[in-house]
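Worksheet for the structure shown next.
Worth knowing before you read on, the calculation uses all heavy atoms, side chains too, and leaves out hydrogens, waters and symmetry mates.
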Amino acid sequence: MSAKRIQHKVNHVALVVDCSGSMRPHESQLIRVVDEFVAGLKAESDSLGHETRISLYSFDHQVENLVWDMDVKHLPSMRGLYQVNNGATALIEASLKSLDDLGHIWEEYGEHSFLQIVVTDGEENASGGDRRHDGDMTILGPWLDKITAKMGGLPGHWTSAILVPNSLAKRTAQNYGFPAGNIAIWDADSQKGVEEAIGTVRAAATSFLRGREQGVRGTKNLFAVGQDISLDEIRANLEPIPANKYRLLKVDQEVEIRPFVNSHPGVTYERGSCYYQLGARAQVQLNKEVIVVEKDTDRAYTGDAARSLLFGTDIQGTVSVKAGNNPKLEVYVQSRSVNRKLKPKTRLLIML
């Protein structure tokens, strides 16, 4: 009788980072973003007992592999590995090469998942040749066909995501085949934007690895929070709020928060006492508290562990997140604004 083999979880992560000339002002900030992402992978992998391996790529008009499938615990800082050059941006070529390389990994033993995250501050202009000067975009056609075919054919245990600089680049990434829920915008031109990017990628790493614990091997909603948390985890780690200490109000139309609260009898708007339901992408600052509500019972929970449960271990600063689809739970974020616009078909939680 043969012994039963342990199917341990193995995560293969490829981080593909723009090193074209436009990244020069952001070089040190980008190193911070990547190092924090790796720190998040290390912390969460240790906590869950996963084996996580990482590959690093940099690209301008050429694509270079810096690290190949290394245990994340042994990866040094990007400082000394990553260097900005004066080239253009072969975004499609870099995305394809990293996916193709990962495809050579043997998956016979263990339960494998693959995660690719691309980070860029610009637009494609070099796959198949640098077109910054001659303006010839006709050569890009075959590369568009290649990446849309590759993205469309990824197996279910593969996840491909990208950080881009603006909404135009987001639409372009969607045209390449990146799922909308796996595209996040970062502002590389400000310290605040870099802090948000750090929080975003660390939360994404946490979400990905915790999703593995729930049996999810791939996702098209990487940059969302809450979808991978169970009711049992909430009850075990957070404190219930007494039912007489809060109220939940239904929002029927877009409205400013202060007049909305004051229009309801028995409550008056007070700064910091209101929590909006997380839906579309929002920036959640370090000093903002979060509350989790059971959909079926409206029981509310909070506590010091709420942020780490939702966003990841030891995340500092602002996190740019949107709500994931959780059939049992809703996430509420503290607001200190007097004119925040509340969205229709959401709810507002007020602490009494």
Side-chain angles (χ1 to χ4, degrees), residues 6-15 37-38 40-55 69 72 98-99 102-103 105 107-118 150-163 174 177-184 199-237 278-281 290 292 294-295 305-313 315 319-331:
I6 297 175
Q7 284 288 92
H8 70 295
K9 292 180 174 63
V10 188
N11 310 299
H12 303 275
V13 180
L15 196 55
F37 174 74
V38 171
L41 286 174
K42 289 178 181 176
E44 211 61 43
S45 296
D46 283 345
S47 172
L48 298 172
H50 291 194
E51 178 183 352
T52 298
R53 310 188 68 82
I54 191 164
S55 301
D69 206 39
V72 73
S98 55
L99 290 174
L102 287 177
I105 291 174
E107 298 182 56
E108 183 69 22
Y109 305 121
E111 184 186 285
H112 297 255
S113 281
F114 295 82
L115 171 63
Q116 175 203 57
I117 296 184
V118 182
K150 187 71 175 183
M151 291 292 185
L154 287 179
H157 62 300
W158 286 62
T159 298
S160 186
I162 187 168
L163 268 70
Q174 284 182 260
F178 288 94
N182 288 357
I183 306 171
T200 299
V201 296
R202 287 201 64 164
T206 297
S207 176
F208 178 78
L209 294 178
R210 289 182 181 174
R212 298 279 275 120
E213 290 296 293
Q214 306 297 323
V216 178
R217 295 176 67 190
T219 179
K220 294 184 177 180
N221 212 19
L222 182 68
F223 296 118
V225 298
Q227 74 269 24
D228 52 350
I229 298 177
S230 70
L231 192 51
D232 288 342
E233 286 179 288
I234 294 299
R235 290 171 174 169
N237 292 282
L278 183 63
R281 188 163 298 281
V290 293
V292 181
E294 290 185 39
K295 289 182 179 180
R307 286 182 64 94
S308 61
L309 268 178
L310 288 166
F311 309 138
T313 308
I315 288 183
V319 186
S320 176
V321 292
K322 64 180 180 179
N325 181 24
N326 191 313
K328 295 186 178 296
L329 300 169
E330 295 171 342
V331 178

Original post:
Which pair of heavy atoms, one from S160 and one from L154, lies closest together, and at what distance?
Top reply: CB-CD1, 4.0 Å

**OP:** Indicate the atoms forming the closest heavy-atom contact of F178 with I183, along with that distance.
**Re:** O-CD1, 3.6 Å

Subject >> Minimal non-hydrogen separation, L15 against F37, with atom names >> reply: CD2-CD2, 3.8 Å

Original post:
Could you state the interatomic distance from CZ (R53) to CG (N11), rounded to the nearest 0.5 Å?
Top reply: 11.0 Å

**OP:** State whether the number of non-hydrogen atoms from other residues, nucleotides or ligands found under 6.0 Å of K328 atom NZ is greater than 12.
**Re:** no

Original post:
So, does S113 use its side chain to make a donor-acceptor pair with the main chain of R217 at under 3.5 Å?
Top reply: yes

Subject >> OG-CG distance between S230 and L329, expressed to the nearest 0.5 angstrom >> reply: 8.0 Å

Original post:
If you draw a 6.0 Å radius around NZ in K295, do more than 12 non-hydrogen atoms from other residues or ligands fall strictly inside?
Top reply: yes

Original post:
What closest approach, in Å, do L48 and R210 show between heavy atoms, and which atom pair accounts for it?
Top reply: CD1-N, 4.0 Å

**OP:** Look at the aromatic rings of F114 and W158 and report parallel, tilted or perpendicular, splitting at 30° and 60°.
**Re:** parallel

Original post:
To the nearest 0.5 Å, what is the distance between CG (L102) and CD (E107)?
Top reply: 10.0 Å

Original post:
Is the H112 to H12 ring centre distance short of 6.0 Å?
Top reply: yes

Subject >> Qualifying residue, where the test is side-chain contact (heavy atoms from CB on, under 4.5 Å) with Q116 and the options are T159, L99, V13 >> reply: L99

Original post:
What distance do D69 atom CG and I105 atom CD1 have between them, rounded to the nearest 0.5 Å?
Top reply: 4.0 Å

**OP:** Could I get the full list of salt bridge (charged side-chain N to carboxylate O under 4.0 Å, His left out) partners for R212, not counting sequence neighbours?
**Re:** E111

**OP:** Check A204 against L222 and note the closest heavy-atom contact, atom names and distance.
**Re:** O-CD1, 3.6 Å

Original post:
How far apart are the closest heavy atoms of E44 and L209, and which atoms are they?
Top reply: CB-CD1, 3.6 Å

